[in-house]
Every structure is written in C-alpha cells, then in structure tokens.
*Asks:* 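One structure, pasted below without further comment.
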Amino acid sequence: MKNIFSFIIIFLLFSCKKENNIVTPIIHENVTTMNSISDNYDSITTKVKKLGDEEAYSELFYHLKDSNFEGRTDSLMVYSKIMAEKYHFEKAYIDYLDAITEKYGIENDIGNYSTINLSQLKSKEKQEIIDWLSKMVEKGIIREKQFQEVKK
C-alpha cells in the first residue's frame, strides 16, 4: 500500500507541467515598425499627397493611429482628406469621419451612424461634420438614411 501511495505522489509530481515563459519570436518579412516609418516619413507622405498611393496611406494611417492625440486626429484629417477628395479612396472618407469625431470628442461607432450625436458641438464644428457626411452621401460611401440617423 505504501508503495502504491508513493508511486501516485511521484506520478503526480512528474505529470504536472511546468509553465514555459519563453516567448518564441515570430519572424515577419514585411513588418513596418514605428522607427522604420519615422526614417522615411517624408517619402511616405509624398507618395500619399502626390501619387495617392493607398499602401503608403495605410502605413501612414497606422503610424498616426499610434501617435499622440493631435497627430492622430489633425494629421489623419489632413491625409485622409487628400486621399478622399483628390484620389477618391473610399476608406479615407471613413477615416476622416473617425478622426474628426474623435477630435471633437464625439462617440462614433463607424457603421452605426445613429451613435454620432452632434447636439453638443459648436455650430462651426457641427457644420464641418455635416458637410463631410454630405460628401459621403454624394460619393455613395453612406446612404441618405445613414446620414439622417446622425443626431443633430
């Protein structure tokens, strides 16, 4: 009996798994880091402004989303407006709306326009968002019904 009990205890001790806290690095060939985009920020912004390069815009977008509040809102507004108006890039219309609502502290669940409540904004800020939403309707990015769901 003593041997069976000893065997069970030894078995339990060896069957417990020890957690392995070693993190195995994942190797990605096309990883863009904050430092790498900082090194060629000017060339990326030039590709966006002068060529309407969607891939460069995407890199810039994610870089700006990770930056401070002003960089995230004001800079995103600048580049997304260029991509939307000059190059008719649909995603940029939505990115601009997301940035401007964040800038003015408006809750925004993109896709559910009824969550956008402009009633607390100053008239100039409210008009700026309404004008943008009107452009989105004009370009077929959103439907008139979605525009009407916005609480003014």
*Asks:* What are the two closest non-hydrogen atoms of Phe147 and Ile130, and how far apart are they?
*Replies:* CE1-O, 3.8 Å
*Asks:* Please tell me if the side chains of Phe89 and Glu54 come closer than 4.5 Å, counting only heavy atoms from C-beta onward.
*Replies:* yes
*Asks:* Counting only heavy atoms not in Gln120, do more than 12 fall under 6.0 Å of its CD?
*Replies:* no
*Asks:* Closer than 4.0 angstrom, basic N to acidic O: yes or no for Lys47 and Glu55?
*Replies:* no
*Asks:* Which residues pass the salt bridge (charged side-chain N to carboxylate O under 4.0 Å, His left out) test with Lys91, sequence neighbours left out?
*Replies:* Asp95
*Asks:* Does Leu51 share a hydrophobic cluster with Tyr57, counting links as ILVMFWY side-chain heavy atoms below 4.5 Å and allowing steps through other members?
*Replies:* no
*Asks:* So do Ile116 and Leu97 actually touch side chain to side chain, heavy atoms under 4.5 Å?
*Replies:* yes
*Asks:* Heavy atoms only: give me the nearest Ala84-Ala92 pair and the separation to one decimal.
*Replies:* N-CB, 3.6 Å
*Asks:* Start with the C-alpha gap between Met77 and Glu128, add the side-chain angles, then the distance that decides, and say whether side-chain contact (heavy atoms from CB on, under 4.5 Å) holds.
*Replies:* CA-CA 12 Å; Met77 288 170 61; Glu128 194 175 351; 4.0 Å; yes
*Asks:* Of all heavy-atom pairs between Lys126 and Ser119, which one has the smallest distance, and what is that distance?
*Replies:* NZ-CA, 4.3 Å
*Asks:* Do Lys152 side-chain atoms and Leu118 backbone N/O form a donor-acceptor pair below 3.5 Å?
*Replies:* no
*Asks:* Answer yes or no: is there a donor N or O on one side and an acceptor on the other, between the side chain of Tyr87 and the main chain of Lys50, under 3.5 Å?
*Replies:* yes
*Asks:* Is it true that a side-chain atom of Gln146 and a backbone atom of Arg143 form a donor plus acceptor pair closer than 3.5 Å?
*Replies:* yes
*Asks:* Please examine the side chains of Glu107 and Asn117, heavy atoms only from C-beta on, and report whether any two atoms are closer than 4.5 Å.
*Replies:* no
*Asks:* Can you tell me how far apart CD (Gln148) and CD (Glu144) are? Round to the nearest 0.5 Å.
*Replies:* 4.5 Å
*Asks:* Just so I know, are the side chains of Trp132 and Ile100 near enough to count as touching, which here means a heavy-atom distance under 4.5 Å?
*Replies:* no
*Asks:* Hey, is the main chain of Leu64 close enough, under 3.5 Å, to the side chain of Ser67 for a donor-acceptor pair?
*Replies:* yes
*Asks:* Do Ile129 and Leu133 have side chains that get closer than 4.5 Å, going by heavy atoms?
*Replies:* yes
*Asks:* Is there side-chain contact between Asp98 and Lys65, with at least one heavy-atom pair below 4.5 Å?
*Replies:* yes
*Asks:* Within this structure, what is the CD-OH distance for the pair Glu85 and Tyr96, rounded to the nearest 0.5 Å?
*Replies:* 8.0 Å
*Asks:* Are any side-chain N or O atoms of Tyr113 and backbone N or O atoms of Val150, one a donor and one an acceptor, separated by less than 3.5 Å?
*Replies:* no
*Asks:* Hey, what do you get for CD (Glu59) to CG (Asn40), rounding to the nearest 0.5 Å?
*Replies:* 7.0 Å
*Asks:* Does Thr101 have any side chain to side chain donor-acceptor pair (under 3.5 Å) partners at least two apart in sequence or in another chain, and if so, which?
*Replies:* Asn108
*Asks:* Please name the pair of heavy atoms, one in Ala99 and one in Leu76, separated by the smallest distance, quoted to 0.1 Å.
*Replies:* CB-CB, 4.0 Å
*Asks:* With Lys49, which residues qualify under salt bridge (charged side-chain N to carboxylate O under 4.0 Å, His left out), at least two apart?
*Replies:* none
*Asks:* Measuring only between side-chain heavy atoms, which start at C-beta, is Lys139 closer than 4.5 Å to Glu90?
*Replies:* no
